[in-house]
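Below is one structure, written out as structure tokens, with a few remarks after it.
Positions are given from 1 along the sequence.
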Amino acid sequence: LKEEMSATLTIGEIPQHILDDTHNYSTCKVRTTNKANWNCYVTHVLFGDDYNFYNAIPLGNIVVNFATGVSNIYLPQNYIDLFLNSYFKLLPGYNNRNCLIKKSSKTKNILCLKKFLNFNGPSINFILNGYAYQIPFEDLFEDIFSDSYNQYSVFKIDFTETPGNEWYFGTVFMKQHEVVFDGAKMQVGFYSGFKYDFTKLTNENVEEYCLYNTFTYIFLASIIVLPMLYTMVKVKMSKDHLTDIARRAYKRL
């Protein structure tokens, strides 16, 4: 059986219900250097649901293309160890016997025993333009019906041999939100769905954040350094005073 999906395509203006609720609408800028695809930068990946930005793994600025014609997420093969070591080890009872890597011509897939996945596991969050966009655990695996014993589910992130370092996000990511491809502003928008706002900690406010840190460091330095300078000056004045007293005493002799 195939999963039935329904969707609505709107061509023209941004739907009014989104314009009326911009608090739940976030965007990322399209890279104008590659106009063939709708794409943005993904900067971090965060595994789990604690939403601590300092646990997010920085990726740099990686181009992610939004591909409505595919279901899964496609990453270069060199990222498979990142997910095995940082995500799968979060799964309760995980070991190499519960999951395996299946290799095809140019793709590696991670398969896990269906009986192993009988829990509510952690989500995966991709951070774009300061917002963490969640893919919940229940959407990250799909049953394999071609398996003779029907005992495995496949992880819906494929690791492929592709040139360059570009990522592709299919409908497993985009169905979490209403997605707006805004050609007038050259941006991709995401309405509703679960997202977490990290913009105060990412490069969207880097100047303000750095300025805040600068004042913090200056304040802390003033607390530590000024008393030290005061003490040093006071000691020096005391030494000079004692030297002067000794010199006067010597002259009297």
Side-chain angles (χ1 to χ4, degrees), residues 2-32 37-53 55-57 59 61-75 83 87 90 117 119-142 153 155-158 166-205:
K2 292 185 178 180
E3 179 185 1
E4 293 186 3
M5 294 181 62
S6 62
T8 300
L9 174 64
T10 302
I11 300 175
E13 299 295 329
I14 297 176
Q16 190 61 43
H17 68 276
I18 297 179
L19 296 176
D20 292 339
D21 188 22
T22 55
H23 177 72
N24 290 319
Y25 184 62
S26 55
T27 63
C28 62
K29 285 291 184 183
V30 173
R31 294 178 63 251
T32 55
N37 297 310
W38 290 95
N39 50 53
C40 295
Y41 283 127
V42 56
T43 59
H44 301 76
V45 60
L46 177 61
F47 299 121
D49 303 294
D50 63 349
Y51 295 96
N52 182 349
F53 180 75
N55 290 333
I57 299 172
L59 302 169
N61 285 331
I62 291 178
V63 177
V64 54
N65 299 286
F66 301 102
T68 57
V70 297
S71 174
N72 289 3
I73 289 174
Y74 296 87
L75 309 182
F83 282 79
Y87 177 70
L90 295 177
L117 298 172
F119 50 81
N120 184 20
S123 64
I124 295 178
N125 304 270
F126 295 101
I127 299 179
L128 294 84
N129 201 34
Y131 284 88
Y133 297 94
Q134 181 196 87
I135 302 178
F137 180 77
E138 59 268 22
D139 289 341
L140 287 168
F141 293 88
E142 182 178 30
S153 294
F155 189 49
K156 297 194 71 175
I157 297 180
D158 296 2
E166 294 192 1
W167 294 15
Y168 291 83
F169 282 6
T171 56
V172 65
F173 175 83
M174 288 186 287
K175 74 177 184 179
Q176 309 298 331
H177 313 275
E178 290 186 52
V179 182
V180 176
F181 299 105
D182 189 341
K185 295 183 178 179
M186 290 303 294
Q187 63 186 20
V188 180
F190 305 94
Y191 176 72
S192 72
F194 182 85
K195 67 191 86 166
Y196 198 90
D197 186 355
F198 284 125
T199 54
K200 291 183 179 180
L201 297 174
T202 59
N203 60 348
E204 279 58 57
N205 289 297

For the residue pair Phe53 and Phe198, does the interplanar ring angle fall in the parallel (under 30°), tilted (30 to 60°) or perpendicular (over 60°) class? tilted
Let me confirm one number: the CD1-NZ distance from Ile127 to Lys195, rounded to the nearest 0.5 Å. 14.0 Å
Checking Asn39 side chain against Asn37 main chain: does a donor-acceptor pair fall under 3.5 Å? yes
Tyr87 and Ser123 have their tightest heavy-atom pair at CE1-O, 3.8 Å
Given Tyr41 and Val64, is the side chain to side chain contact (heavy atoms under 4.5 Å, CB included) satisfied, shown in steps? CA-CA 6 Å; Tyr41 283 127; Val64 54; over 6 Å; no
With a 6.0 Å cut-off on the ring centroids, do Phe190 and Tyr131 count as close? no
What class does the angle between the rings of Phe173 and Tyr133 fall in, given that below 30° is parallel, 30 to 60° is tilted and above 60° is perpendicular? perpendicular
What distance do Asn52 atom CG and Tyr196 atom OH have between them, rounded to the nearest 0.5 Å? 9.0 Å
Are Phe155 and Leu140 side-chain neighbours, meaning at least one heavy-atom pair lies under 4.5 Å? yes
Looking only at side-chain N and O atoms, does Gln176 offer a donor or acceptor that is under 3.5 Å from a partner on Asp139? yes
Heavy atoms only: give me the nearest Ser153-Phe141 pair and the separation to one decimal. CB-CB, 4.2 Å
I need the minimum non-hydrogen distance between Val45 and Ile124, along with the two atoms involved. CG2-CG2, 4.0 Å
Would you check if Asp182 and Thr27 make a side-chain contact, meaning some heavy-atom pair closer than 4.5 Å? no
Under 3.5 Å, is there a donor-acceptor pair between the Asn24 and Ser192 side chains? no
Give, for atom CD1 of Ile135 and atom CD1 of Ile157, the distance between the pair rounded to the nearest 0.5 Å. 6.0 Å
Do you see a donor-acceptor pair shorter than 3.5 Å between the side chains of Tyr191 and Asp21? yes
Validation row: Val30, Lys185 side chains within 4.5 angstrom (heavy atoms): no
At what distance, to the nearest 0.5 angstrom, does OG1 of Thr43 lie from CD1 of Ile62? 9.5 Å
Begin from the C-alpha positions of Phe169 and Val179 and carry the test side chain to side chain contact (heavy atoms under 4.5 Å, CB included) through to its verdict. CA-CA 12 Å; Phe169 282 6; Val179 182; over 6 Å; no
Decide whether Asn65 and Tyr74 meet the rule of one side-chain donor and one side-chain acceptor closer than 3.5 Å. no
How about Phe119 and Phe137: are their ring centroids closer than 6.0 Å? yes
How long is the span from the CG atom in Asn125 to the CZ atom in Phe194, to the nearest 0.5 Å? 7.0 Å
Minimum side-chain heavy-atom gap Val188-Phe66 below 4.5 Å: yes
From Thr202 atom OG1 to Asp197 atom CG, the distance as rounded to the nearest 0.5 Å: 8.0 Å
